[in-house]
There are 2 protein chains.
Amino acid sequence: MKLAILFGGASFEHEISIVSAITVKEKLKGFELEFIFCDQDHTFYYVDPSRMKAVTFSKGEHKKMPRLTLQNGGFVKKSFLSSTVVGTSVLNLIHGADGEDGIIASMLDFYSIPFIGPRTAACVFSFDKRYTKYLCEALHVKSVAYETLNKNDERKVNVSYPFIIKPARLGSSIGVSVVKEEKELDYALDVAFEFDENVLIEPFLAGVKEYNLAGCMIEGEIKFSIVEEPQKNEFLDFEKKYMDFSRSATVSSAEIDDKLVTELQNTFAKIYINLFEGALIRCDFFVVDGEVYLNEINPIPGSMANYLFDDFSKTVSGLLASLPKEKRAGVSYQYIHSISSAKGK
Amino acid sequence: MKLAILFGGASFEHEISIVSAITVKEKLKGFELEFIFCDQDHTFYYVDPSRMKAVTFSKGEHKKMPRLTLQNGGFVKKSFLSSTVVGTSVLNLIHGADGEDGIIASMLDFYSIPFIGPRTAACVFSFDKRYTKYLCEALHVKSVAYETLNKNDERKVNVSYPFIIKPARLGSSIGVSVVKEEKELDYALDVAFEFDENVLIEPFLAGVKEYNLAGCMIEGEIKFSIVEEPQKNEFLDFEKKYMDFSRSATVSSAEIDDKLVTELQNTFAKIYINLFEGALIRCDFFVVDGEVYLNEINPIPGSMANYLFDDFSKTVSGLLASLPKEKRAGVSYQYIHSISSAKGK
């Protein structure tokens, strides 16, 4: 089964996308894998599997590799005498901007290239944390109370200390701070506004239980991963998260009862259905006083959360066979014809 | 001032986009206009202004015109000996799918082409009527109560008759029905599900006042159009709407008091700010018992609602000079470097 891993992107998460791609390469045995690198200047390169090492990209060696251009149905690799089409079936593994904000999804959709990954609308609701809150509200899924602040607003926060400040649109904990008292506020806002014009402010919940659950729709049913209780930290900083993207060892299930597993799965399904079809996503939950809260949707989780699935290759091939099909409109020109004939032209 | 009108698209509104482009051509005096046609197979063509007639496209004559491909900064027109770049500054005038669903916005963004039109997130919230409801709820903007139905759901509606059924994701009244009694329900749902897997059901409000208001952000302030009270119909059907996209004659302001004008403008601003920057949009409102309800956001209104502005060319050139700038992340490879050195590689 052919599958092209698309990675890189002009994003703060460019490097962890490279790490993710290298990790996933080892976990997708049985696939005929291709690798397409999107450089930060938005040039696409065809990378031979043997060159899939982090230093290839940090040293800029990819710049000598064949360039690719998009066309209907795939990426074209031109050589002096011929051109071949690669990437006819894609796994979007670009984390953060480009990959998770809807840009790559839109482009693959425009060029009718089948792909694993969130569609444009799904990206918009998961990439901007404000819009994830809108989604939760509309679907009656609990999430932590929040305020937003724009960089042009007065720096007034109504949430009690301690609270968390997050740039609205970045993942991987970039620009996130826990603010314990007022004197830390200005600096934390300065940091967050470096990354986004809008920030989210949420109460910091101490001692909350966290659970992660991944899944994807295969043949009309959601295939769930195990539930993981992630390692505790105040919150994951970028270097910690970076290492997290190279995870490949299987983990064991969280020690929780079946009722909670079902509740987590039901909440996941509410979020997923009618929006995330085509994607393998990871939802990160809080449990407070026995109630399930959605913390975050990772529509392209680090290393595709391979470590949460007992048979990751089978999950990916099942998803690839179940991708949603978009209907394109047929154009008949019947209105132009009827109007032209009415005008006698 | 150079501006390329991008029109067409693989959409049910392909033909009205052609009509819009022809209309806007006559209204943008003083611009150096180019025309880029996106065919239903997603090929881009360079159209000489003299060929901007509806029959050019319905007869397929565009297929003999120069083809364009996207590259960083514009569209490339290749000839035997040279290549020129056109469309370095674009007005997205593709109505419906492709233009209003975020696909074209994402592509222009990816290739760093400045454009007038809604950005990806703005498209998602206006294209799918369900998501417009989510936005209204989150921003505390009133909108008509609604239910949704998926084509796989049981056909059970709780709204009282008469009600309106609308496909979630189409504009221009395509697939919309007013259902007066139960025996009409199945057929109306069949029609709507032809166009989308999800439909919206809203009570039909008789005798409601309708007002349309357009505007765009120029130099940090919203430039508003006049408020129009559109012609009354039960609702606009496609042929009626089609004619609507060729409107160019200036209309007169609705006879309403200043207080209502201010309320309509304030509601418009709530929707627009932080989401629609870069676009000239038209919001269609209902007024019920003196309360303002958002009915619909048209992020690329027919013929750009030129007829609502006293100086349309000046509005467009002001908007073009005020387009939002996206910050792209710089990639330093500092994490890969530090991890490689920790590993001794």
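Because the structure is a prediction, the values reported are computed rather than measured. Letters go in sequence order (proteins before strands), and every chain restarts at 1.
Going from atom CZ of B:Arg169 over to atom CZ of B:Phe12 covers 10.5 Å, rounded to the nearest 0.5 Å.
By number of non-hydrogen pairs under 4.5 angstrom with chain A, the leading residue of B:Leu135, B:Asn198, B:Asp128, B:Asn72 is B:Asn198.
Using modelled atom types and a 3.5 Å distance limit, the side chains of B:His95 and B:Ser20 yield a donor-acceptor pair. A donor and an acceptor atom, one from each side chain of B:Ser303 and B:Thr23, are nowhere located under 3.5 Å apart. There is a side-chain donor-acceptor pair under 3.5 Å between B:Asp98 and B:His42.
With a 4.5 Å cut-off on non-hydrogen atoms, A:Asn150 touches chain B through its side chain but not through its backbone. The contact between B:Phe57 and chain A is made by backbone and side chain atoms together, counting heavy-atom distances below 4.5 Å. With a 4.5 Å cut-off on non-hydrogen atoms, A:Asn152 does not touch chain B at all. At a 4.5 Å heavy-atom cutoff, A:Cys136 makes no contact with chain B through either its backbone or its side chain.
Counting heavy-atom neighbours within 6.0 Å of A:Lys63 NZ, excluding the residue itself, gives a total above 12.
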